Amino acid sequence: QVQLVESGGGLVQAGGSLRLSCAASGRTVSSYTMGWFRQAPGKEREFLAAISLSGARTYYADSVKGRFTISRDDAKNTVYLQMNSLKSEDTANYYCIARLGARPTSTLDEYVYWGQGTQVTVSS
């Protein structure tokens with residue numbers, strides 16, 4: 001079992017950048033396909049990005065493609081989400097997720113482990 005703790009959220013102006021981190025404990029993150037999703041108040045969960053075990057394959061939602069980059073550092077047991085060109089509509093709580101299995105997927109129900117989330121607020 002793996003525990004996930006997100007950090008790096010905060011308040012940023014539109015057009016700015018943030019880097020979220022997801023620190024894993026309990027088991028090495030190298031055993032998991034990792035991802036991120038977000039949820040804004042009154043809205044459904046939205047898959048954002050996923051990265052394969054090796055890091056060779058990544059998968060992004062159209063809404064963030066070209067602006068967000070997911071990466072992993074297994075030596076640090078950490079996954080990152082670099083967010084650039086932030087927009088007000090990116091305001092949400094951001095969650096790190098993990099699943100056993102090599103294939104990155106946008107199906108959130110396939111991710112068994114979730115963190116507590118970190119709030120990102122983008123001011124216009």
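Worth saying up front: this structure is predicted, and the values here are computed from it rather than measured.
Looking at Arg67, its side chain does come within 3.5 Å of a backbone N or O of Ser85 through a donor-acceptor pair.
The minimum heavy-atom distance linking Thr91 with Val122 is given by the pair OG1-N, 2.9 Å. Looking at every heavy atom in both residues, Thr33 comes nearest to Pro104 through CG2-CA, 3.6 Å. The two atoms that bring Gln3 and Gln1 nearest to each other are NE2-CG, 3.9 Å, heavy atoms only. Of all heavy-atom pairs between Gly115 and Tyr95, the closest is O-CD2, 3.5 Å. The two residues Ala49 and Leu81 have their closest heavy-atom pair at CB-CD1, 4.3 Å. Between Arg72 and Ser52, the shortest heavy-atom distance links the atoms NH1-O, 2.7 Å.
The side-chain heavy atoms of Phe68 and Asn84, taken from C-beta on, include no pair separated by under 4.5 Å. In this structure, Arg27 and Asn77 have side chains that are not in contact, with every pair of non-hydrogen atoms separated by 4.5 Å or more. With a 4.5 Å cut-off on side-chain heavy atoms, Arg99 and Thr105 count as touching. Within the 4.5 Å cutoff, the side chain of Leu20 has no heavy atoms near those of the Glu6 side chain. At least one side-chain heavy atom of Ser63 sits less than 4.5 Å from a side-chain heavy atom of Arg38. At a threshold of 4.5 Å between non-hydrogen side-chain atoms, the residues Leu108 and Ile97 count as touching. Taking the side chain as every heavy atom from C-beta outward, Tyr60 and Ile70 approach each other to under 4.5 Å.
A salt bridge does not link Lys87 with Asp90: every distance from a Lys NZ or Arg NE/NH1/NH2 to an Asp or Glu carboxylate oxygen is 4.0 Å or more.
Screening Asp74, Leu4, Leu53, Thr78 against Val29 for a side chain to side chain contact (heavy atoms under 4.5 Å, CB included) leaves a single residue, Asp74. Each of Tyr111, Trp114, Tyr94 was evaluated against Phe37; a single residue qualifies, Trp114, per the ring pair (Phe, Tyr, Trp, His ring centres under 6.0 Å) test.
Linking Ile, Leu, Val, Met, Phe, Trp and Tyr residues whenever their side-chain heavy atoms come within less than 4.5 Å places Val112 and Leu48 in a single cluster. Both Val64 and Trp36 are members of a single hydrophobic cluster when ILVMFWY side chains are connected at heavy-atom separations under 4.5 Å.
Atom CE of Met83 and atom CZ of Arg19 lie 11.5 Å apart (nearest 0.5 Å).
No more than 12 heavy atoms of other residues, nucleotides or ligands shown are found within 6.0 angstrom of CD on Gln116. No more than 12 heavy-atom neighbours from other residues, nucleotides or ligands sit within 6.0 angstrom of OH on Tyr59.
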